[in-house]
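Worksheet for the structure shown next.
What you are looking at is a predicted structure, and each value in this text was computed from that prediction instead of being measured. Both counts, for ligands and for their atoms, begin at 1 and track the order of listing.
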Amino acid sequence: MSITCEPDLNPASLTSNLHWQDGFASLGPDFYTRQLPQPLGQPYWVGRCQAVGDLLGLDAFAPEADALLDALSGNSLLPGSQPLASVYSGHQFGVWAGQLGDGRAILLGETSSGWEIQLKGSGLTPYSRMGDGRAVLRSSIREFLCSEAMHALGIPSTRAFCVTGSEDRVLRESIETAAVVTRVAPSFIRFGHFEHFASTGQLPQLRQLADFVIERYYPGCLETSQPYVALLEQVAQRTARLMAKWQAAGFCHGVMNTDNMSILGLTLDYGPFQFLDGYDPDHICNHSDPHGRYAYKRQPGVAYWNLHCLARALLPLIEDQDLALAALAAFQQAFSDELLATYRAKLGFACEQAKDTDLIDQLLQLLAREHTDYPIFWRSLSHFAADGKAGPLSALFVDQNAINTWLVQYQHRLSVEDSSLVSQSMLRTNPKFVLRNHLGEMAIRQARDHDYSGVQTLLGLLENPFDEHLEHDSLAGLPPDWAASIAISCSS
Ligand code: AMP
Ligand code: MG
């Protein structure tokens with residue numbers, strides 16, 4: 001199969017709303033290499049998200065969508081698309097890794113409404129190093145579902161339009177099949193892009209990149225006397241708020257290398273991520289991380305470390321180390337403010353009381369001692385706030401005395417809230433459906449048998465995770481025993 005630059009599409013019916021604008025490509029050839037995707041053999045749909053289709057003006061389920069299927073598998077080009085792979089560098093597991101780049105991702109372009117469209121797993125690029133440029137079905141399904149789950153939870157993330165699969169074989173620990181995720185974001189620029197131009201001494205390009213990011217995504221910085229300092233401060237704050245949201249949601253990213261850190265503060269590059277089942281601050285979700293550098297409890301600290309890498313890269317532009325350090329200091333306050341606000345929302349507190357931090361700390365210590373199931377605890381607490389029945393909630397704990405003591409304090413604290421609003425707001429804050437590892441795994445196993453209904457069903461639940469969906473109650477329960485044996489590594 002060869003790639004066609006004049007695809008057999010009917011633009012009027014399918015892609016008439018898709019117009020491109022010059023975005024990242026306008027930076028010029030020092031930032032990327034033009035690269036066509038590599039065709040994927042006889043692709044088929046694995047999952048489609050119409051909400052993202054709506055952002056792009058694409059109908060994923062249209063009868064003529066097969067032309068789209070080809071284009072989003074790398075077998076033809078969307079009209080007007082000029083694909084490229086970008087170059088970046090980064091620190092991996094705390095060690096400088098040098099040049100990396102889009103080794104298996106290709107940017108199709110940026111739509112006139114400001115969405116970059118990227119194919120992940122679309123074949124070799126000049127930055128593939130030892131890799132094959134491909135992504136396997138399991139990791140592609142996980143990225144697709146989690147992108148949309150995060151969005152629905154109100155956690156900034158890259159989005160995903162679809163996964164297409166193929167019988168093309170890919171070698172990992174065993175032979176698997178290839179897939180491509182079409183992902184979408186305002187920008188896929190990473191901390192590592194800045195590190196690349198700083199480390200190679202390409203200072204005009206470093207400045208060009210910073211100016212581009214400021215003009216496109218942080219224009220408010222131009223109104224300050226030190227726009228590059230303001231940029232660093234803004235990125236530090238956004239990253240801090242993202243970390244607070246991850247922690248409160250029980251989300252573990254797993255590979256927080258600087259090349260996986262978005263300059264827009266988005267969750268980026270889903271690999272061995274996991275939503276906590278039992279609450280364990282020491283939890284390590286990545287089997288390739290034996291020392292737990294990226295353990296759940298370390299994520300905010302690692303983000304701060306990564307921001308120091310970004311600061312070092314921006315230093316030639318900022319020219320004053322003290323200013324850079326002062327900008328980074330914004331992280332701490334932004335993180336603790338956002339964390340407190342998010343936990344208050346989870347607890348149903350609309351007003352603020354000084355003692356709230358004590359109540360939250362006591363609760364988290366109790367959850368950690370007991371490894372209480374994190375999603376079920378919060379959902380049960382939301383029901384408790386409505387009906388005052390402690391039974392289902394205290395059944396989650398061994399130390400009855402401890403939970404009952406905490407609940408008495410909590411009820412006392414709730415008495416200053418508007419009781420008609422508390423439970424409703426908690427039920428819109430604490431999801432019933434969370435993309436636990438075993439749910440993803442069940443959908444993946446079904447998809448391997450060419451049944452994609454599990455992917456689509458899970459997507460529907462995760463897009464509306466606060467709704468009851470009573471017919472799917474079984475997907476909101478405790479993980480089965482076999483979930484403990486799921487091992488997810490960097491291999492993807
Ligand atoms: P990741 O761990 O997925 O964030 O990837 C780290 C780096 O390795 C990036 O430059 C990726 O593009 C590259 N990479 C990961 N997997 C592959 C692959 N199968 N083929 C080529 N490059 C890859
Ligand atoms: Mg990556």
Side-chain angles (χ1 to χ4, degrees), residues 24 31-33 35-38 40 74 83-107 116 118-144 146-147 157-158 160 163 165-166 168-181 183 185 187-197 199-200 252-264 266-274 285-289 293-294 299 302-303 306 309-310 488-492:
F24 186 85
F31 294 81
Y32 56 82
T33 306
Q35 177 68 53
L36 289 175
Q38 204 174 314
L40 189 69
L84 62 85
S86 78
V87 62
Y88 55 81
S89 297
H91 285 82
Q92 297 185 315
F93 289 88
V95 177
W96 177 244
Q99 183 183 307
L100 302 165
D102 293 326
R104 53 174 170 170
I106 284 176
L107 183 66
E116 286 190 349
Q118 200 181 65
L119 303 184
K120 179 171 176 181
S122 51
L124 293 169
T125 78
Y127 315 112
S128 297
R129 298 177 297 146
M130 308 297 283
D132 57 8
R134 290 300 186 190
V136 297
L137 180 66
R138 63 181 154 81
S139 66
S140 304
I141 290 174
R142 280 168 53 85
E143 171 143 13
F144 172 69
C146 200
S147 306
S157 175
T158 60
V163 180
S166 164
D168 286 358
R169 296 187 333 157
V170 179
L171 182 62
R172 295 293 180 264
E173 284 77 15
S174 61
I175 292 176
E176 302 187 48
T177 60
V180 174
V181 189
R183 47 182 201 178
S187 172
F188 287 93
I189 294 176
R190 302 143 192 272
F191 291 9
H193 281 98
F194 289 88
E195 290 180 281
H196 180 74
F197 294 102
S199 70
T200 52
C252 228
H253 181 282
V255 203
M256 290 178 65
N257 295 333
T258 57
D259 53 301
N260 291 339
M261 297 292 292
S262 154
I263 201 70
L264 299 187
L266 306 172
T267 313
L268 171 66
D269 276 11
Y270 292 90
F273 70 85
Q274 185 177 10
C285 63
N286 180 355
H287 270 244
S288 315
D289 180 19
R293 178 179 174 82
Y294 299 137
Q299 297 187 121
V302 168
N306 289 343
C309 295
L310 178 65
I488 299 184
S489 69
C490 277
S491 156
S492 61

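- Checking only distances, Leu100 never comes within under 3.5 Å of ligand 1, N or O to N or O.
- Counting all heavy atoms, side chain and backbone alike, Arg129 lies closest to Gln99 at CD-O, 3.9 Å.
- Looking at Gln99 against ligand 1, nothing comes within 4.0 Å, counting heavy atoms.
- A pairwise comparison of heavy atoms in Val180 and Leu40 identifies CG2-CD2, 3.9 Å as the closest pair.
- Not a single N or O atom of Val255, backbone or side chain, sits closer than 3.5 Å to an N or O atom of ligand 1.
- Screening Lys120, Arg104, Arg134 against Ser492 for a side-chain hydrogen bond (donor to acceptor under 3.5 Å, both in side chains) leaves a single residue, Arg104.
- For ligand 1, the polar-atom distance check against Ser492 finds no nitrogen or oxygen pair separated by under 3.5 Å.
- Using a 4.0 Å cut-off between a side-chain N of Lys or Arg and a carboxylate O of Asp or Glu, Asp269 and Arg183 qualify as a salt bridge.
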Exercise for the section: Could you check Ser86 against Gln118 for side-chain contact (heavy atoms from CB on, under 4.5 Å), going step by step and ending with a plain yes or no? Expected result: CA-CA 11 Å; Ser86 78; Gln118 200 181 65; over 6 Å; no
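- Not one N, O or S atom of Asp259 sits under 2.8 Å from the Mg ion (ligand 2).
- Within the listing of ligand 1, atoms 19 (N) sit less than 4.0 angstrom from a heavy atom of Arg172.
- The protein non-hydrogen atom at the shortest distance from atom 19 (N) of ligand 1 is Asp132 OD1, 3.0 Å.
- The single protein non-hydrogen atom nearest to atom 21 (C) of ligand 1 is Gly103 O, 3.2 Å, given as residue, atom name and distance.
- Taking atom 11 (C) of ligand 1 as the reference point, the nearest protein heavy-atom neighbour is Gly101 O, 3.9 Å.
- By heavy-atom distance, the residue among Arg129, Arg104, Arg134, Met130 lying nearest atom 8 (O) of ligand 1 is Arg129.
- Inclusion of Gly133 in the set of residues having an N or O under 3.5 Å from an N or O of ligand 1 is warranted.
- Only the side chain of Tyr88 comes within 4.0 Å of ligand 1, judged by heavy-atom distances.
- Of all the heavy atoms in Asp289 and Arg293, the pair that sits closest is OD1-N, 3.0 Å.
- Of all N, O or S atoms in Asp269, the one lying closest to the Mg ion (ligand 2) is OD2.
- Of all atoms in ligand 1, listed by their number and element, those nearer than 4.0 Å to a heavy atom of Asn260 are 4 (O).
- Of all atoms in ligand 1, listed by their number and element, those nearer than 4.0 Å to a heavy atom of Asp269 are 4 (O).
- For the Mg ion (ligand 2), the set of nearby N, O or S atoms under 2.8 Å includes none belonging to Asn257.
- Taking the six-membered ring for Trp and the full ring otherwise, Tyr294 and Phe93 have centroids separated by under 6.0 Å.
- What sits closest to atom 5 (O) of ligand 1 on the protein, heavy atoms only, is Asp259 OD2, 4.6 Å.
- Near Gly131, meaning under 4.0 Å from one of its heavy atoms, ligand 1 places the atoms 18 (C), 20 (N), 21 (C).
- Note that atom 3 (O) of ligand 1 has protein non-hydrogen atoms nearby, at separations under 4.0 angstrom.
- A pairwise comparison of heavy atoms in Asn260 and Arg190 identifies OD1-NH1, 3.8 Å as the closest pair.
- Annotation: cation-pi geometry satisfied between Arg142 and Phe273 (NZ/CZ under 6.0 angstrom from ring centroid, within 45° of ring axis).
- Of all non-hydrogen atoms in Glu176 and Arg172, the two that sit nearest each other are OE2-CB, 3.6 Å.
- A tilted orientation is assigned to the rings of Phe24 and Tyr32, their planes being inclined by 30° to 60°.
- Ala179 and Leu137 get closest at one heavy-atom pair: CB-CA, 3.8 Å.
- Looking from atom 6 (C) of ligand 1 to the surrounding protein, the closest heavy atom is Gln92 NE2, 3.7 Å.
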